[in-house]
Participant: 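Let me give you the structure first, and then I'll get to my questions.
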Number of protein chains: 2
Amino acid sequence: MRITADDVAKAAGVSRAMVSRAFTPGASVSAKKREHVLAVAQTLGYRPNLIARGLTGQRTGLIAVVVGEISRPYEAWLLEHLAQALSAHGYQPLLLPMFKDASLTEILDHALAYQVDGAIVAAGSVSREVADRCRASGAPLVLIGRVLEKSETDAVCCDNSKGMHLLVDRLVRQGRRRIAWLGGTLDTFSDQERQLGVEQALAHHELALTAQLRGDFSLHSGVEEGGRLLDAGLALDGIMCANDAMALGVVEAAAQRGIKVPDEVAITGFDDVPGAAWGRCPLTTVRNPVRETALAALRLLDARLQTPGRATQVVRVGVTLIERASA
Amino acid sequence: MRITADDVAKAAGVSRAMVSRAFTPGASVSAKKREHVLAVAQTLGYRPNLIARGLTGQRTGLIAVVVGEISRPYEAWLLEHLAQALSAHGYQPLLLPMFKDASLTEILDHALAYQVDGAIVAAGSVSREVADRCRASGAPLVLIGRVLEKSETDAVCCDNSKGMHLLVDRLVRQGRRRIAWLGGTLDTFSDQERQLGVEQALAHHELALTAQLRGDFSLHSGVEEGGRLLDAGLALDGIMCANDAMALGVVEAAAQRGIKVPDEVAITGFDDVPGAAWGRCPLTTVRNPVRETALAALRLLDARLQTPGRATQVVRVGVTLIERASA
DNA sequence: CACTATTTTGCACGCGCTTTCAAAAATAGC
DNA sequence: GCTATTTTTGAAAGCGCGTGCAAAATAGTG
């Protein structure tokens with residue numbers, strides 16, 4: 001039924017080993033024979049079985065990609081770049097969606113059973129235990145958007161603190177003083193860093209948050225919680241959000257109440273997802289460089305695959321202030 | 001280094017075959033022995049190597065998922081549901097991003113080399129040739145959002161024609177007569193069906209399109225081409241778009257020109273992506289049931305894996321009119 | 001041409017697992 | 001207690017491929 005290297009070998013009048021070598025760049029074959037074998041393989045429609053190849057060789061080419069809710073713009077965007085970068089480098093992304101109640105440990109265990117060469121995790125909270133388990137299996141782990149302090153796990157993460165400082169400085173320079181924070185899900189690393197960044201930046205101006213609430217990074221929660229903030233009678237003149245989706249939600253909530261953005265209240269996001277520029281009010285936000293992030297993650301993975309013993313590296317990709325109408 | 005079934009066998013004092021059977025539901029093992037083996041495996045941290053298993057068994061559990069630009073809301077949404085449905089059923093989605101210039105044939109070839117059990121394709125134009133090649137490899141193909149006429153390929157697709165009839169009827173009932181069409185990329189199946197649907201529905205009211213242009217399904221192209229339509233001096237009172245993203249773009253273009261939506265011109269989308277409700281003007285659109293679509297695709301795949309000889313089936317998932325402010 | 005240095009080739013083993021087959025153990029039947 | 005079944009087990013043969021090793025072929029040298 002399925003054509004194997006044996007079939008090609010017979011048809012080409014060589015041994016099976018020759019077929020294998022013909023398909024292995026840099027193997028010891030005469031150019032003439034390789035060409036011949038390749039031609040025969042072509043006419044037979046043969047392609048090496050990568051599963052079988054993965055069994056012998058140490059590499060399967062499979063990379064586990066763990067990502068949260070793909071339907072969220074930032075995650076989708078990141079996933080697109082990751083998938084592209086991976087397949088461009090000869091890897092195959094094995095997509096592991098992270099359900100709400102799933103444990104990262106189980107998910108990665110399952111991936112390891114597929115002998116993935118490595119894993120890129122951009123979701124969930126990664127415990128040291130998980131990281132260790134991966135290292136034990138010889139599958140390098142690269143984190144995106146979360147950093148395990150003092151741990152030996154490569155990671156790439158944008159400069160959340162810097163981003164928030166940029167935004168705060170801008171708001172303060174505009175004379176805003178009563179600023180609220182709309183955070184995301186509690187256990188999220190980015191959220192923590194971002195909130196910390198805001199507080200530090202405010203402290204730098206001898207200010208503090210007037211209020212704080214948390215949503216779940218969704219546009220809907222932005223509408224809900226943003227509305228709650230606006231209705232609280234706090235005379236806010238700025239609302240800073242942990243991501244763009246929530247910020248767009250807050251813009252919506254303000255519009256529903258006839259509150260003018262940015263005249264009465266400034267609203268800021270984070271990430272600069274496609275779409276941040278197009279809503280009811282173009283968002284002032286911070287660009288989280290997705291492409292760079294994806295490429296850095298791949299570079300880290302590649303480097304560790306090459307040199308397993310190298311020092312752990314945390315790449316901080318830079319952010320830039322994007323000034324639009326909402327602030 | 002890595003623990004194999006042999007290690008477990010030795011530790012448990014049984015043969016390797018027993019270990020294999022302990023992990024195979026329904027295999028011939030005494031309950032007592034299975035439990036013992038499983039316990040030993042547990043303490044050793046053993047998990048069957050799914051790659052090796054895939055080599056012997058006929059199934060790898062890998063399903064190729066080909067999708068276009070993931071960063072587009074509809075694709076992201078679909079991918080999320082697909083990934084979720086697949087892994088819930090014990091399959092593992094192998095993500096194959098489709099670059100602009102990549103050929104679906106090559107992409108699928110590569111996937112087939114990984115011995116995928118099947119493929120779900122929601123991007124690109126699928127030629128009969130590609131479908132045949134898949135069938136030849138014994139990997140069932142399920143199409144999403146595109147149908148090969150008279151071909152023996154399972155597919156699931158929303159009822160584009162019905163959706164467009166619903167929208168046209170609504171516009172006409174509002175007294176709109178000068179309606180333009182903003183289509184998507186030319187070679188797309190959905191786009192063709194949708195435009196045809198609009199034209200048929202209009203013809204039903206003895207009307208025809210006043211103008212037509214095409215973008216590329218992106219929000220940006222909606223702004224561009226929508227602006228072009230609005231600037232053409234055609235006295236349009238309705239613009240129907242091939243998807244939500246472009247419709248949101250047209251809303252934006254109208255706002256830039258101070259044209260009132262829906263008073264002066266009605267704008268409609270398609271898909272009802274999350275976000276269609278939240279823009280500058282909540283979109284009147286048609287809901288494309290993503291979850292149903294994903295589940296149907298999985299069901300089709302499962303069914304054919306079970307019964308390779310069954311008759312080809314095209315599932316048309318139903319659509320519903322979502323009435324919001326833009327029309 | 002003889003002889004060595006260097007490719008090029010084929011054989012055979014192993015990767016980790018499933019699965020047939022026949023032998024062994026357990027169970028039933030009388 | 002002994003045979004006829006049935007269940008449980010282990011040995012062994014692959015699955016499709018990579019690769020170390022030694023044999024064969026080729027090239028190089030005097």
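Each chain gets a letter, A, B and so on, in the order the sequences are listed, and its residues count up from 1.
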Participant: Can we say A:Arg2 and A:Asp7 salt-bridge, meaning some charged N sits less than 4.0 Å from an Asp/Glu carboxylate O?
Facilitator: no

Participant: Taking atom CZ of A:Arg135 as the centre, report whether more than 12 heavy atoms of other residues, nucleotides or ligands fall under 6.0 Å from it.
Facilitator: yes

Participant: Establish, with yes or no, whether the OP1 or OP2 oxygen of D:dT8 is under 4.0 angstrom from a side-chain nitrogen or oxygen of B:Lys33.
Facilitator: no

Participant: Measure the distance from CZ on A:Arg34 to P on C:dT9 and round it to the nearest whole Å.
Facilitator: 10 Å

Participant: Grab the CD-P distance between A:Gln58 and C:dG14 for me, whole Å please.
Facilitator: 16 Å

Participant: Give a yes or no on whether the backbone of B:Leu62 and the side-chain of B:Thr60 come within a donor-acceptor separation of less than 3.5 Å.
Facilitator: yes

Participant: Under 4.0 Å between a side-chain nitrogen and a carboxylate oxygen: does that hold for B:Glu106 and A:Arg47?
Facilitator: no

Participant: Looking at five pairs on each end of the helix from C:dC1-D:dG30 to C:dC30-D:dG1, what is the angle between the two axes, given to 10 degrees?
Facilitator: 30°

Participant: For nucleotides 5-7 of chain C, print each protein N/O atom paired with a nucleotide N/O atom at under 3.5 Å, atom names and distance only.
Facilitator:
none

Participant: How does protein contact run along nucleotides 16-26 of chain D, one letter per nucleotide 5' to 3', with B for base contact, S for sugar-phosphate only, - for none, heavy atoms under 4.0 Å?
Facilitator: BBBBB------

Participant: If you compare all heavy atoms of B:Asp191 against all heavy atoms of B:Leu186, which two are closest, and at what distance to 0.1 Å?
Facilitator: OD2-O, 4.4 Å

Participant: Who pairs with B:Leu148 by side-chain contact (heavy atoms from CB on, under 4.5 Å), at least two apart in sequence or on another chain?
Facilitator: B:Val126, B:Arg128, B:Ala131, B:Leu143, B:Ser151, B:Thr153

Participant: From CD of A:Glu35 over to P of C:dT8, roughly how many Å is that when rounded to an integer?
Facilitator: 14 Å

Participant: Scan for ring-ring contact (aromatic ring centres under 6.0 Å, His included) pairs involving residues 13-35 of chain A, sequence neighbours excluded, and state none if there are none.
Facilitator: A:Phe23-A:Tyr46

Participant: Any carboxylate oxygen within less than 4.0 angstrom of a Lys/Arg side-chain nitrogen, looking at B:Arg316 and B:Glu292?
Facilitator: no

Participant: Does any non-hydrogen side-chain atom of A:Leu96 lie less than 4.5 Å from one of B:Ser87?
Facilitator: no

Participant: Looking only at heavy atoms, what is the nearest atom pair of A:Pro93 and A:Leu86, with distance?
Facilitator: CB-CD1, 3.9 Å

Participant: Separation of B:Met18 atom CE from C:dT20 atom P, in whole Å?
Facilitator: 13 Å

Participant: Check side-chain contact (heavy atoms from CB on, under 4.5 Å) between B:Gln313 and all other residues, then give those that pass, not counting sequence neighbours.
Facilitator: B:Asp154, B:Leu300, B:Arg310, B:Val315

